[in-house]
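All values derive from a computational prediction rather than experimental measurement. In each ligand, atom 1 is the first atom listed, and ligand 1 is the first ligand listed. We're numbering straight along the sequence, starting at 1.
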Amino acid sequence: MNTVSVLGVPFITNDEKWVYNQCVSFLADAKPHMIITAGPEFVMNIRRTPNLLPVLARADFITPDGVGIVIASKWYGQAIAQRITGVELAERLIGYAAERNLRVFLLGASQTSLAQALQKLKNRYPQLYIVGKHGYFTDEQTASVIAEIQAARPHLLLVGLGQPRQEVFISTHKDILGVPLAIGVGGTIDVIGGAVKRTPVLFQRARLEWLYRLIREPRRWRRQLALPRFAWEAWIEARRLTRSVN
Ligand code: UDP
């Protein structure tokens, strides 16, 4: 495994195939594994909230889910070949689970959106064992959510509660959950269910995913202010590091 540290967050530089193979081997492991999929907003979140740092240390690895991370990796002289999105990784692993008769649990999104996602996946893979729980529960209800997951005994747990809540949930409970592989997947359940449209490939290729999301969800503008801040701080750090090496 190779990593590039971007503002203190170690992202893997390995390609998608490596990540997928790694996940497949985790699914067969008795030990619980955790993967974080993160973009610039998450990095800036960690910078503002250093008490989240132990959460990073509990993950097996962190994948670059955001073109901003891919661009920044070049400034650090350790180019990441491509971004690895939570949605794509989740969909591939659900397909694998269907083939191998593995159990899947989706935790997150609204009741309606979750129900749509479960229905779509059952239509696509009639033999797939998949259940879920919506993501709007209180701290007091956490114990019963954990009990539901334990009872379902999933091999794969996809958690879409928004960042960093989903990462905190997985890292805090992974040892008692006993799930071989848990991944924080953000809005993936909404995308699978159809409540949120997937970013068109044209926008993705033009590296304008942020613009597409801003147009569709204007309320995100405040969160997106993190993007120019990220670019500026990462550029400064990368320049300092590459200068001190040369
Ligand atoms: N979500 C949830 N519980 C909450 C807050 C959010 O289940 O208390 C879900 C929300 O419905 C959405 C997902 O978390 O499906 C991710 O939200 P967002 O798009 O904000 O995520 P991010 O940009 O962090 O990936």
Give me the residue, atom name and distance of the protein heavy atom closest to atom 15 (O) of ligand 1. D190 OD2, 2.6 Å

Nearest protein heavy-atom contact for atom 11 (O) of ligand 1: which residue, which atom, what distance? Y136 OH, 2.8 Å

of all protein heavy atoms, closest to atom 3 (N) of ligand 1 is G135 O, 2.7 Å

Counting only heavy atoms not in R229, do more than 12 fall under 6.0 Å of its CZ? no

What distance do I46 atom CD1 and E41 atom CD have between them, rounded to the nearest 0.5 Å? 13.0 Å

Do any nitrogen or oxygen atoms of E41 come within less than 3.5 Å of a nitrogen or oxygen of ligand 1? no

Sole candidate of L157, L158, I35 that passes side chain to side chain contact (heavy atoms under 4.5 Å, CB included) when paired with L181: I35

Can you tell me which residue and heavy atom of the protein come closest to atom 25 (O) of ligand 1, and the distance to 0.1 Å? G186 CA, 3.2 Å

Considering only heavy atoms, which of G108, A38, G162 lies nearest to atom 17 (O) of ligand 1? G162

Residue and atom name of the nearest protein heavy atom (relative to atom 18 (P) of ligand 1), distance in Å to one decimal: R223 NH1, 4.3 Å

Specify the protein heavy atom at minimum distance from atom 8 (O) of ligand 1: its residue, its atom name, and the distance to 0.1 Å. R165 NH1, 2.8 Å

So does W75 have more than 12 non-hydrogen atoms from other groups sitting under 6.0 Å from CH2? yes

So, does R213 sit close enough to ligand 1 that a heavy atom of it is under 4.0 Å from the ligand? yes

Report the nearest protein non-hydrogen atom to atom 7 (O) of ligand 1: residue, atom name, distance rounded to 0.1 Å. A109 N, 2.9 Å

Could you go step by step and tell me if Y125 and E99 meet the side-chain hydrogen bond (donor to acceptor under 3.5 Å, both in side chains) rule? CA-CA 9 Å; Y125 306 109; E99 258 172 43; over 6 Å; no

Has K31 got more than 12 heavy atoms of other residues, nucleotides or ligands less than 6.0 Å from its NZ? no

Determine the interplanar angle of the F26 and H33 rings, folded into 0 to 90°, and report it as parallel if under 30°, tilted if 30 to 60°, perpendicular if over 60°. parallel

Crowding at CZ, R124 (>12 non-hydrogen neighbours, <6.0 Å): yes

Among T37, N14, T63, which residue meets the side chain to side chain contact (heavy atoms under 4.5 Å, CB included) test with I84? T63

Under the side-chain hydrogen bond (donor to acceptor under 3.5 Å, both in side chains) rule, what do T199 and E209 come out as? Steps first, then yes or no, please. CA-CA 7 Å; T199 310; E209 181 148 17; 2.7 Å; yes

Any atoms of ligand 1 less than 4.0 Å from a non-hydrogen atom of G187? List them with their elements. 16 (C), 25 (O)

Would you check whether L161 reaches within less than 4.0 Å of ligand 1, judged by its heavy atoms? yes

Atom 9 (C) of ligand 1 - nearest protein heavy atom and its distance: G160 O, 3.4 Å

Is the shortest distance from a heavy atom of Q166 to ligand 1 less than 4.0 Å? no

Ligand 1 to Q163, heavy atom cutoff 4.0 Å, flagged ligand atoms 24 (O)

